[in-house]
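To keep things clear, I will list the structure first and then write my remarks on it.
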Protein chains: 2
Amino acid sequence: MTQADRARATSNDVAVLAGVSRATVSQVLNGHADRFAPQTAQKVTRAARQLGYQPSAAGRALRRGSSDFVLALIPNTTFGGNLQDWFERLTATLAAQGFTLVLGVTTASVDVLDRLVSQMQPAAVLAFTPFRAAERAVLARNGVVAVDPPSAARAGQDALIGRLQAETLISRGHRRLAFAHLADSRQDPFGAAREDGVRQAALEAGLPDIEVVGLAIHIDEALGALDRLRPPGIAIACYNDDVAISLMNAAQLRGWDVPGDVAVIGMDRTPVSQVTVPRLTTLEYDLSDAAATGAASVLRALGLEGEAPTPSASALRLVEGASV
Amino acid sequence: MTQADRARATSNDVAVLAGVSRATVSQVLNGHADRFAPQTAQKVTRAARQLGYQPSAAGRALRRGSSDFVLALIPNTTFGGNLQDWFERLTATLAAQGFTLVLGVTTASVDVLDRLVSQMQPAAVLAFTPFRAAERAVLARNGVVAVDPPSAARAGQDALIGRLQAETLISRGHRRLAFAHLADSRQDPFGAAREDGVRQAALEAGLPDIEVVGLAIHIDEALGALDRLRPPGIAIACYNDDVAISLMNAAQLRGWDVPGDVAVIGMDRTPVSQVTVPRLTTLEYDLSDAAATGAASVLRALGLEGEAPTPSASALRLVEGASV
DNA sequence: CTGAAAGCGCTTACAG
DNA sequence: CTGAAAGCGCTTACAG
């Protein structure tokens, strides 16, 4: 009979095997080993390991009033990099502190979140984009810690993205810069900060103020936005690769040369961005960095670790194409 | 003092307000109202509604040994349509039966799933792609119901996709058909069934057997795959829009006319597929259908509803472009 | 330094 | 037709 076949061990099983009480098991396994004789603590940890003891989440949650789940809300926007990698990394970091990561999706209606949170009673809810008022109310009512996207870091990161886009354009000799948003603001949560980054870099380089347009991923909108930017001689930092590809195709339809007349730089390095003609120049964001930031924010919000996450340029990599 | 301010109501609160015992509250609220006098049942439901009573998930889970969570595993492949919509719909359908949907991600290591499942003790785990042996073992060990992708329906749906792609190509006069897979089989879980659909349709139309290639989303691979198909005069049904766009761009690099020399049809209708030049002809999959199928599978696996989901062509819509 | 007891909220087998 | 009691697994305040 292997361990896999055995019924799940309870704290009582551990107590019996270690020859102590359940109370002692609980204390030792919850970081209070110092209250006991060293050898008592050792008996407990050894027995727990031997039985593969995993405390029952339901039992803990019932007793403590909240679970060890951390709920991450996936936003309705493009992701640079791979959601899998991000999830796996964040899972590992949180698991090391005893938390279990679960995903939810931000939906139009708050009811979904309400149900999720009231059922799960998570230790914390982590979001990438700022919580809406209704969401915040739901979390407050359920007594759940809301972990805002680390706004300083997040904004800093996005400013860095805009800055890097602008610097790339400027280094190739472009003098008239623009930023292209996604028109739907729900899909453009980082647009403002990135636009600022582009603007700052342009100002510091002694260029005129940047121009700003917004579009949906639709060829007519792309043509309209492009016309408003009055090519030739415009270099466009884009919210994401889809926006960049739209504008690139619009330029080709209008007969402008890319990058001679119209330069574009994207963000995300989506797979399809690397098969366009010309290949898109874009930025790749290392999501493992975001995972580290997210984990740090959660732990800090729960009072478990001290350091505030800081934006790091190293998470950003320029992917050279031929569109700039 | 509004309801939102009050502490969460317990079954005891409901019992007191209704003037009955907690046992009665539990029975009535769990579908056994028929064991009681109609007016007793009514008092209970009324009191529960008045207090906004939501049973404690932890309490239920502890007592019953499994939770009311349903865990859906997101695969590492493209999604036609919008994950948000799918999630929202499946959430609603499952919520109507008392279940709460939560998302996980299929990761390389099974440990993540193990932890998730052993913590959550979900009522069921739902996957889009067939479970790997290691995953199945984890679920079995935790005594969790594994809801396979309804393979008959799923395969039927995918055959339908391939068929519809082929029929579209054939109706435009193309006689030499091919299917283009994603080379990485993990990202191509539906490829085989779709290829079969294309093949069947070709045979039934009296055409020669189809040709088959695989590629990653990379321009060199796309050029290689295209060359192997010996244009001109080839019409390619693609695993997804990214594959189709890759081949379309490869064709243009080689100087072939699209759709004159090389015709391509995609699948998913990604945003960027609608800004290509020429615009991609593709299929759009109504994820609300997938949500219905998923919900039906889960409920059936839990013994709650009888009907097996069937593939429906109505969930598939041809998006006319200019690449065919 | 350690354990007995209480209780988190729920459901079910049983008694009446 | 309804309720009292037990118990799921855990943690903490308290007693010794």
Side-chain angles (χ1 to χ4, degrees), chain A residues 6-45 47-48 51-69 98 100 118-121 123 142-143, chain B residues 6-45 47-48 51-69 98 100 118-121 123 142-143:
Chain A
R6 260 199 293 274
R8 233 182 122 111
T10 68
S11 74
N12 193 55
D13 299 334
V14 177
V16 169
L17 181 59
V20 300
S21 72
R22 286 154 68 215
T24 300
V25 170
S26 181
Q27 305 248 53
V28 168
L29 263 29
N30 282 292
H32 298 301
D34 55 312
R35 294 178 189 163
F36 297 86
Q39 55 174 337
T40 303
Q42 204 170 66
K43 281 188 297 185
V44 170
T45 45
L51 295 175
Y53 172 63
Q54 292 259 85
S56 146
R60 275 174 72 92
L62 186 56
R63 171 66 222 229
R64 318 229 303 196
S66 83
S67 71
D68 295 323
F69 288 111
T100 301
S118 78
Q119 287 287 307
M120 199 157 59
Q121 296 292 122
N142 285 279
Chain B
R6 260 199 294 274
R8 232 182 123 109
T10 68
S11 74
N12 194 54
D13 298 334
V14 177
V16 169
L17 181 59
V20 299
S21 73
R22 284 153 69 215
T24 301
V25 168
S26 182
Q27 305 250 52
V28 169
L29 263 29
N30 282 294
H32 297 301
D34 54 313
R35 295 177 188 166
F36 296 86
Q39 54 175 336
T40 303
Q42 203 171 66
K43 280 190 296 185
V44 170
T45 45
L51 294 174
Y53 173 63
Q54 294 259 85
S56 147
R60 276 175 70 93
L62 186 56
R63 172 65 221 231
R64 318 230 301 198
S66 84
S67 72
D68 296 323
F69 288 112
T100 301
S118 78
Q119 287 287 306
M120 198 157 59
Q121 296 292 124
N142 284 279

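In what follows, every chain begins at residue 1, and chains take the letters A, B, ... in the order their sequences are listed.
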Give a yes/no answer on whether the side chain of [X] brings an N or O atom under 4.0 Å of OP1 or OP2 in [N].
{"X": "A:Ser11", "N": "D:dC10", "result": "yes"}
{"X": "B:Thr40", "N": "D:dC1", "result": "no"}
{"X": "A:Arg60", "N": "D:dT11", "result": "yes"}
{"X": "A:Ser56", "N": "D:dG9", "result": "no"}
{"X": "A:Ser21", "N": "C:dA4", "result": "no"}
{"X": "B:Asn12", "N": "C:dG9", "result": "no"}

Of the listed nucleotides [options], the one nearest the side chain of [X]:
{"X": "B:Ala23", "options": "D:dG3, C:dC10, C:dG3", "result": "D:dG3"}
{"X": "A:Phe36", "options": "D:dT2, C:dC10, C:dT2", "result": "C:dT2"}
{"X": "A:Gln27", "options": "D:dT12, D:dT2, C:dT2", "result": "D:dT12"}

Whole angstroms only, please: what is the [atom1]-[atom2] distance between [X] and [N]?
{"X": "A:Asn30", "N": "D:dC10", "atom1": "CG", "atom2": "C1'", "result": "9 Å"}
{"X": "B:Leu62", "N": "C:dC8", "atom1": "CG", "atom2": "P", "result": "13 Å"}
{"X": "B:Gln39", "N": "D:dC1", "atom1": "CD", "atom2": "P", "result": "11 Å"}
{"X": "B:Asp68", "N": "C:dG9", "atom1": "CG", "atom2": "C1'", "result": "14 Å"}
{"X": "A:Arg22", "N": "D:dC14", "atom1": "CZ", "atom2": "P", "result": "19 Å"}
{"X": "A:Leu29", "N": "D:dT11", "atom1": "CG", "atom2": "P", "result": "8 Å"}
{"X": "B:Gln121", "N": "D:dC10", "atom1": "CD", "atom2": "C1'", "result": "15 Å"}
{"X": "A:Asp13", "N": "D:dC8", "atom1": "CG", "atom2": "C1'", "result": "13 Å"}

[X] [atom1] to [Y] [atom2] distance, which is reported to the nearest 0.5 Å:
{"X": "A:Thr45", "Y": "A:Tyr53", "atom1": "OG1", "atom2": "OH", "value": "13.5 Å"}
{"X": "B:Lys43", "Y": "B:Thr40", "atom1": "NZ", "atom2": "OG1", "value": "5.0 Å"}
{"X": "B:Arg60", "Y": "A:Gln119", "atom1": "CZ", "atom2": "CD", "value": "8.0 Å"}
{"X": "B:Ser67", "Y": "B:Leu62", "atom1": "OG", "atom2": "CG", "value": "12.0 Å"}

### Message
Quick check against the 3.5 Å criterion: does A:Ser11 have a side-chain atom that pairs as donor or acceptor with the backbone of A:Arg22?
### Response
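Between the backbone of A:Arg22 and the side chain of A:Ser11 there is no qualifying donor-acceptor contact (under 3.5 Å).
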### Message
On DNA chain D, compare the nucleotides closest to A:Arg63 and B:Ala41; which residue's is nearer the 5' end?
### Response
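Of the two residues, B:Ala41 wins.
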## Note on the structure
Each base of DNA chain C marked ( ) or [ ] if paired in-strand (Watson-Crick or G-U under 3.5 Å), | if paired to another strand and . if unpaired gives |||.||||||||.|||
Side-chain heavy-atom pair [X], [Y] within 4.5 angstrom cut-off:
{"X": "A:His32", "Y": "A:Asp34", "answer": "yes"}
{"X": "B:Gln27", "Y": "B:Val20", "answer": "no"}
{"X": "A:Asp13", "Y": "A:Thr10", "answer": "yes"}

### Message
Please classify the nucleic acid contact of B:Ala37 as base, sugar-phosphate, or nothing, using heavy-atom distances under 4.0 Å.
### Response
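Result for B:Ala37 = sugar-phosphate.
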